Amino acid sequence: RVPPGRDDKVLTAWNALMIGALAKGAATLNEPRYLQAAKDAARAVLGGGGRLLRSQKDGRPGPAAFFEDYAFLCDALIDLYEASGEEAWLTEALRLADASVSLFWDEDGGGFWLTGRDAEPLVAPNKALIGGATPSGNGVATLAFTRLEALTGRADLGEKADRVLRSLQPLLSRASRAFGPEAIAAAWRAGRALELGVVGPIEGREALLAEVRRRYLPFVVLTAGDVPSPLTPFMAGRAPQGGLATAYVCEDGACRLPVTTPEALGALLDELTRPRRRAGATGRLTAPELPNDPTLWLNTEAPLQLSALRGQVIVLDFWTYCCVNCLHVLPELAALEARFEGQPVVFVGV
């Protein structure tokens with residue numbers, strides 16, 4: 001049989017998503033191949049450093065890039081900077097952020113248009129605010145601009161992120177699970193985030209970075225090098241202590257005492273990233289009780305209570321009638337219910 005055709009265009013936005021994943025994977029798994037692949041791909045889609053392309057194939061350039069190409073690649077280059085410590089990637093991320101504002105920013109309504117000011121005018125301009133199979137450009141840009149403000153002190157980029165989030169506020173408060181990077185950026189800007197800098201000899205620096213990278217730290221920006229980068233003002237004047245690699249953990253530019261051992265850094269990160277309890281709360285926090293209104297429960301003799309469910313395996317299925325995948329799951333759950341009938345397994349659909 002004749003094999004089907006293969007779409008082998010090089011898309012900037014999709015490559016950017018992979019570059020970010022490779023950079024994070026390289027840092028987490030200490031895998032140089034992933035880092036090198038991320039660098040090679042970044043150089044390929046950046047081209048000569050001018051206007052990004054939407055796509056390219058066999059050396060032939062495609063159309064001018066859309067906003068999501070700029071947003072995805074900007075965020076990916078921040079990942080690449082944090083994984084490699086090479087200042088050039090942060091410089092490129094800042095260039096793409098500035099180009100995004102120049103080409104796509106909607107000063108009147110806030111947010112970014114899909115196509116640039118230099119593109120052919122559309123009958124109905126589009127501004128994608130919610131993602132689908134891939135995240136929205138506005139959401140990724142909000143997170144990228146938030147990270148750039150934390151790293152470089154660019155308050156103008158943080159202000160753009162705030163304007164996008166304000167336009168999303170009704171949806172963020174009522175349907176936050178519909179969002180990805182937008183919700184992370186909103187939590188970042190409304191909560192507590194940290195800046196982490198590691199400077200000094202490479203051997204000790206790598207030991208400190210290993211302590212950082214074995215943790216999941218979604219609200220932390222990272223810079224590392226022999227000396228502080230001039231692009232990261234929160235590290236100005238932060239020198240290695242006693243000739244040893246030194247870590248500085250800061251919050252809004254105010255830094256804790258520097259530490260020089262992985263153990264001390266780990267303890268400090270554990271302290272600063274531990275979830276905060278509600279005011280007045282003591283001891284272990286328990287989940288709220290389930291609703292006791294009988295009209296909210298179907299196919300149960302009475303409202304379910306947490307005390308009655310304790311000690312049993314609970315299968316929670318969140319579904320809606322307008323989701324075909326959700327409906328496909330229902331017969332599978334019915335078969336599981338029959339299989340585990342009489343055993344301590346309870347199925348609850350929400």
Side-chain angles (χ1 to χ4, degrees), residues 6-23 38 40-80 89 91-148 154 156-157 159-165 167-168 171 178-185:
R6 185 167 69 97
D7 185 353
D8 55 0
K9 296 189 298 295
V10 176
L11 296 174
T12 297
W14 290 9
N15 269 268
L17 293 174
M18 195 67 215
I19 291 166
L22 285 168
D40 292 343
R43 294 188 185 100
V45 295
L46 282 169
R51 183 71 156 88
L52 291 182
L53 298 175
R54 172 64 175 174
S55 63
Q56 50 188 296
K57 185 181 186 305
D58 298 331
R60 300 192 304 273
F66 298 150
F67 172 60
E68 68 172 21
D69 299 297
Y70 276 82
F72 291 5
L73 188 54
C74 178
D75 193 56
L77 294 182
I78 302 171
D79 293 327
L80 192 48
W89 303 118
T91 300
E92 280 295 315
L94 286 168
R95 183 183 71 83
L96 294 182
D98 289 334
S100 297
V101 174
S102 175
L103 288 167
F104 304 99
W105 179 251
D106 177 13
E107 186 59 42
D108 295 330
F112 295 90
W113 296 111
L114 175 64
T115 55
R117 291 182 174 83
D118 57 349
E120 181 180 353
L122 301 178
V123 175
N126 185 18
K127 187 189 297 180
L129 293 175
I130 301 178
T134 58
S136 75
N138 274 272
V140 174
T142 300
L143 183 55
F145 282 20
T146 295
R147 298 171 70 191
L148 285 175
R154 286 282 301 274
D156 59 313
L157 297 178
E159 188 272 335
K160 295 291 189 299
D162 285 339
R163 285 198 63 185
V164 175
L165 290 173
S167 69
L168 295 173
L171 288 172
F179 294 94
E182 304 91 341
I184 298 174

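Small disclaimer: the values here were computed from a predicted structure and weren't measured. Residues take their numbers from the sequence shown, with the count starting at 1.
- Counting only distance, with no hydrogens or angles, the side chain of Ser102 and the backbone of Asp98 share no donor-acceptor pair below 3.5 Å.
- Judged by distance alone, with hydrogens and angles left aside, the side-chain atoms of Ser55 form no donor-acceptor pair with the main-chain N or O of Val10 at under 3.5 Å.
- Electrostatic pairing of Glu159 and Arg154 does not count as a salt bridge here, judged by no charged N lying under 4.0 Å from a carboxylate O.
- Side-chain rings of Phe112 and Trp105 approach one another, their centers coming within less than 6.0 Å.
- Asp108 pairs by the side-chain hydrogen bond (donor to acceptor under 3.5 Å, both in side chains) definition with nothing, not counting sequence neighbours.
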| task | Kindly indicate, with the supporting measurements, whether the criterion side chain to side chain contact (heavy atoms under 4.5 Å, CB included) is fulfilled by Leu94 and Cys74. | result | CA-CA 8 Å; Leu94 286 168; Cys74 178; over 6 Å; no
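- From Leu46, atom CG reaches atom CG of Leu96 across 6.0 Å, with rounding to the nearest 0.5 Å.
- In this structure a side-chain-to-backbone donor-acceptor pair under 3.5 Å is present from Asp69 to Phe66.
- Among all heavy-atom pairs drawn from Thr142 and Thr146, the shortest one is O-OG1, 2.8 Å.
- You'll find the side chain of Arg51 reaches within 4.5 Å of the side chain of Asp118, heavy atoms only.
- Distance check, rounded to the nearest 0.5 Å: CZ of Phe67 to CG of Leu52 gives 11.5 Å.
- We find that Lys160 and Asp162 are not joined by a salt bridge, their nearest charged nitrogen and carboxylate oxygen being 4.0 Å or further apart.
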In a table with atom names and distances, give each donor-acceptor pair under 3.5 Å that connects a side chain of residues 121-135 to protein atoms at least two apart or in another chain.
unit_1 : atom_1 : unit_2 : atom_2 : d
Lys127 : NZ     : Asp106 : OD2    : 2.6
Lys127 : NZ     : Gly110 : O      : 2.8

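- Between Asp40 and Arg43 there is a salt bridge, since at least one side-chain N of the basic residue sits less than 4.0 Å from a carboxylate O of the acidic one.
- Residues Ile78 and Ala93 share a closest heavy-atom pair of CG1-CB, 4.0 Å.
- Within the structure, the side chain to side chain donor-acceptor pair (under 3.5 Å) test picks out the following pairs touching residues 57-68 (sequence neighbours left out): Asp8-Lys57, Arg54-Glu68.
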